[in-house]
Amino acid sequence: MQIALGPILYFWPKAKVKAFYRQVAESDTIDRVYLGETVCSKRRELGLEDYLQIAHELRESGKQVCLSTMTLLEAPAELAQMTKYCDNGEFEVEANDVGAIPYLREHGVNFTVGSAINIYNHEALRRFVDMGMNHWVTPYELSQQWLTDILKQPRISSVRSLFQTEVFAFGHMPLAWSGRCFTARSENRPKDQCELCCIKYPQGRTVKSQDGKQVFVLNGIQTQSGSRYNLINQLPTMKGLVDRIRISPQPEGTLQWVDRFKANMSGDNPIALTQGESNGYWLQLAGMVKAG
Amino acid sequence: MELLCPAGSIPALKAAIENGADAVYVGLKDETNARHFAGLNLNAMKLAEAADYVHRHGKKMHVAINTFAHANQWHKWRDAVDGAVAAGADVLIISDIAVLGYAAERYPRIERHLSVQASATNAGAIEFYRQYGISRVVLPRVLSMQQVRALARTTDIELEVFAFGSLCIMAEGRCYLSSYMTGESPNTAGACSPAAYVEWEHQGSRLESRLNGVVIDRFGDGENAGYPTLCKGRFSVDDELYNVLEEPTSLNTLSLLPQLYKEGIASLKIEGRQRSPAYVAQITKVWRQAIDRVMQEPENFSVEQEWDRVLASLSEGSQTTLGAYHRKWK
């Protein structure tokens with residue numbers, strides 16, 4: 001099982017992003033990196049050119065690179081920007097909205113289907129494989145059992161060599177996307193005068209319930225899980241099912257966590273989850289639950 | 001411009017037709033539709049009765065099969081399509097490409113509409129779903145009027161928009177907040193913030209609502225305590241307590257009617273299959289009058305106070321909003 005690094009979900013200054021990926025390039029543990037802005041088209045600290053430069057550096061350090069596209073595409077300008085990612089000419093692309101897929105198919109680009117595209121059964125999965133999907137990031141809601149049920153179907157086992165599976169295993173899960181920007185709202189600003197205030201919150205803004213529990217994290221138009229999802233102790237249960245796990249970049253300590261995951265691939269170095277972490281979805285429970 | 005009304009039961013369906021709906025949408029009594037609530041929806045026999053009634057009145061029946069099929073229960077979604085067609089459905093409203101593909105291949109002549117749960121917000125996504133021969137797209141409630149207009153002008157496919165009712169503030173079909181808290185979501189179980197997980201507790205003069213143990217809101221004396229839909233609760237950010245995601249409010253687009261008409265929007269959908277026949281009757285009556293008026297006099301249309309009064313009285317927290325259609329909401 002390999003380890004992939006998901007796209008940075010938060011809005012970080014350019015210097016921080018570049019420093020982060022310099023560290024990533026030096027890691028021998030990460031085999032695949034997703035790059036790009038997937039949340040808000042107004043975040044322009046880095047443009048496609050910057051990402052392509054980072055992509056080249058990462059590829060030279062031996063990593064697979066996949067450009068990750070926007071999840072909620074609304075304005076025509078956002079669609080145009082998405083097609084530029086697809087047209088990059090050398091790197092694979094992760095489609096986070098089906099809107100990217102006709103374009104990718106037409107241009108013969110290998111594509112990854114991101115977790116916000118709904119594949120909940122073998123029939124849907126087979127249709128995406130037939131369209132040219134070679135990499136599938138499963139929806140968060142799929143448990144180990146659910147994924148097993150999909151992959152064991154004859155319509156899938158016969159094409160299983162044509163795609164790889166990836167499961168989100170560490171970080172705050174993106175659980176919803178809205179037309180509204182919740183970070184701007186939290187500062188009492190209208191969205192069109194947001195002044196990119198999310199750059200002040202490198203790990204989003206924490207939302208607590210009235211009895212003090214962390215319920216969500218606000219990240220612009222995206223609402224994330226309040227808990228940090230952590231499947232480090234479930235890695236042994238993924239064998240034969242999951243080809244790659246995804247670590248979602250955090251402001252601090254991401255690469256240490258990558259190493260911890262590597263060390264516990266076979267279950268030799270488990271780590272007890274702390275308060276504020278969860279693993280429920282994989283265990284067929286509510287996502288916020290911490291079990292085992 | 002079609003008026004498409006919700007029907008969670010035969011009496012609601014009759015109320016919609018009697019008060020001027022051009023078409024109604026219904027769901028089957030199982031997890032194949034996104035309003036899978038106890039006591040709601042139609043079994044196979046009722047579905048045939050519903051189709052018969054609707055057709056005798058010269059109207060259309062849409063059947064929503066708009067959740068995502070589970071791998072081990074794929075037959076249920078296939079059966080739902082077969083059953084809806086056998087009962088006489090005019091239109092199937094579908095979100096899962098597995099179900100869309102099956103319906104397109106098996107029943108090419110039955111019209112297929114792309115459910116809002118498929119979350120098609122742009123021209124590329126519409127292009128993607130064309131491979132399944134869809135004739136209409138139901139737009140998610142995250143788009144602004146400006147974006148709806150841009151889309152209407154770039155695509156030749158029919159567009160349907162939500163005109164009134166409960167307001168989903170997240171892109172539908174891509175919101176997993178409910179399963180995060182309860183294990184069940186619209187995608188996996190056909191329900192958001194399911195009632196089985198709701199608890200109410202009086203704490204002195206305070207009333208607390210919880211969803212699977214998570215405090216969604218606390219109400220003081222005289223406050224209107226709404227259903228604890230998780231995105232409409234009061235939470236805190238840096239010690240400031242407010243409706244972090246959205247207030248308890250309903251969508252009402254009456255004032256946008258001339259613009260929607262001008263852009264050639266094919267259908268206006270009223271949300272609320274979970275509502276009573278009386279509710280459906282009142283809402284349908286108002287919207288029938290409003291649509292007739294805009295079609296007669298698109299330039300001179302204005303919202304009658306009486307319409308607003310009736311709609312507000314039937315709204316969540318007695319409040320209505322233009323939602324994402326209006327830039328300021330965002």
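What you see below is based on every heavy atom in this structure, not just the backbone, and it leaves out hydrogens, waters and symmetry mates. Quick note on labels: first sequence line is chain A, next is B, and so on, each numbered from 1.
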Engineer: Does B:E223, at its CD atom, have more than 12 non-hydrogen atoms belonging to other residues, nucleotides or ligands within less than 6.0 Å?
Structural biologist: yes

Engineer: Hey, does the side chain of B:S179 reach the backbone of A:E141 with a donor-acceptor pair shorter than 3.5 angstrom?
Structural biologist: no

Engineer: Would you mind reporting whether A:T206 and B:V237 have side-chain heavy atoms less than 4.5 Å apart?
Structural biologist: no

Engineer: Could you tell me whether a side-chain N or O of A:D149 sits under 3.5 Å from a main-chain N or O of B:A71, the two making a donor and an acceptor?
Structural biologist: no

Engineer: Which region of B:Y132, side chain (C-beta onward) or backbone (N, CA, C, O), has a non-hydrogen atom less than 4.5 Å from a non-hydrogen atom of chain A, or is it both or neither?
Structural biologist: side chain

Engineer: Ring-plane angle category for B:F68 and A:Y120, please: parallel below 30°, perpendicular beyond 60°, tilted otherwise.
Structural biologist: tilted

Engineer: Can you tell which part of A:T71 gets under 4.5 Å to a heavy atom of chain B, answering side chain, backbone, both or neither?
Structural biologist: both

Engineer: In Å, rounded to the nearest 0.5 Å, how long is the span from OG of A:S186 to OH of B:Y242?
Structural biologist: 4.5 Å

Engineer: Please list, chain by chain and in numerical order, all residues satisfying side-chain hydrogen bond (donor to acceptor under 3.5 Å, both in side chains) with A:K200, sequence neighbours excluded.
Structural biologist: A:E187

Engineer: Is there a side-chain contact (heavy atoms from CB on, under 4.5 Å) between A:N121 and B:H70 once you walk through the steps?
Structural biologist: CA-CA 6 Å; A:N121 57 69; B:H70 294 218; over 6 Å; no

Engineer: Under a 4.5 Å cut-off applied to non-hydrogen side-chain atoms, are A:L72 and B:R174 in contact?
Structural biologist: yes

Engineer: Checking A:M131 against chain B: side chain, backbone, both or neither under 4.5 Å from a heavy atom?
Structural biologist: side chain

Engineer: If I measure from the heavy atoms of chain A, does B:Y129 come under 4.5 Å with its side chain, its backbone, both, or neither?
Structural biologist: side chain

Engineer: What part of A:S227 lies closer than 4.5 angstrom to a heavy atom of chain B: side chain, backbone, both or neither?
Structural biologist: both

Engineer: Please answer whether the main-chain N or O of B:Y180 pairs with a side-chain N or O of A:Y281 as donor and acceptor at a distance below 3.5 Å.
Structural biologist: yes

Engineer: Would you please go through residues 181-203 of chain B and name the residues with a non-hydrogen atom below 4.5 Å from one of chain A, in numerical order?
Structural biologist: B:M181, B:T182, B:G183, B:S185, B:N187, B:T188

Engineer: Heavy-atom cut-off 4.5 Å, strictly under: side chain, backbone, both or neither for A:L218 against chain B?
Structural biologist: side chain

Engineer: Please state whether the side chain, the backbone, both or neither of A:Q153 comes within less than 4.5 Å of a heavy atom of chain B.
Structural biologist: side chain

Engineer: In Å, rounded to the nearest 0.5 Å, how long is the span from CD of A:Q210 to CZ of B:F235?
Structural biologist: 8.5 Å

Engineer: Which bit of B:L241 is near chain A, if near means a heavy-atom gap under 4.5 Å: side chain, backbone, both or neither?
Structural biologist: side chain

Engineer: Measure distances from B:R141 to the heavy atoms of chain A and classify the residue's part below 4.5 Å as side chain, backbone, both or neither.
Structural biologist: neither

Engineer: Is there side-chain contact between B:Q131 and A:R105, with at least one heavy-atom pair below 4.5 Å?
Structural biologist: yes

Engineer: Considering only heavy atoms, give the residues of residues 210-219 of chain B separated from chain A by less than 4.5 Å, sorted numerically, with 'none' for an empty result.
Structural biologist: B:N212, B:V214, B:V215, B:D217, B:R218

Engineer: Side chain from CB out, backbone as N, CA, C, O: work out which of these in A:P139 comes under 4.5 Å of a heavy atom of chain B, or both, or neither.
Structural biologist: neither

Engineer: Identify all side-chain donor-acceptor contacts of residues 121-128 of chain B below 3.5 Å with residues at least two apart in sequence or on another chain.
Structural biologist:
unit_1	atom_1	unit_2	atom_2	d
B:T121	OG1	A:L73	O	2.6
B:N122	OD1	B:G124	N	2.9
B:N122	OD1	B:A125	N	2.8
B:N122	ND2	A:L73	O	3.3
B:N122	ND2	A:D97	OD1	3.2

Engineer: For the NZ atom of B:K330 and the SG atom of A:C194, what is their distance to the nearest 0.5 Å?
Structural biologist: 12.5 Å

Engineer: Report the option among B:A69, B:A324, B:C175 that has the most heavy-atom pairs separated by less than 4.5 Å from atoms of chain A.
Structural biologist: B:A69

Engineer: Against chain A, label B:W329 side chain, backbone, both or neither, depending on which of its atoms sit under 4.5 Å from a heavy atom there.
Structural biologist: both

Engineer: Apply side-chain contact (heavy atoms from CB on, under 4.5 Å) to residues B:N72 and A:K152 and explain how you reach the verdict.
Structural biologist: CA-CA 10 Å; B:N72 280 347; A:K152 75 179 182 202; 4.2 Å; yes

Engineer: Counting only N and O atoms by type, is there a donor-acceptor contact under 3.5 Å from the side chain of A:R185 to the main-chain atoms of B:N243?
Structural biologist: yes

Engineer: Would you call A:R127 and B:E105 a salt bridge, taking side-chain N to carboxylate O under 4.0 Å as the test?
Structural biologist: yes

Engineer: Taking A:R180 for its side chain and B:I169 for its backbone only, find out whether a donor-acceptor pair lies under 3.5 Å.
Structural biologist: no

Engineer: For B:S119, which atoms come within 4.5 Å of any heavy atom of chain A: side chain, backbone, both, or neither?
Structural biologist: backbone

Engineer: In Å, rounded to the nearest 0.5 Å, how long is the span from CD of A:Q222 to CE of B:M170?
Structural biologist: 10.5 Å

Engineer: Please state whether the side chain, the backbone, both or neither of A:I150 comes within less than 4.5 Å of a heavy atom of chain B.
Structural biologist: both

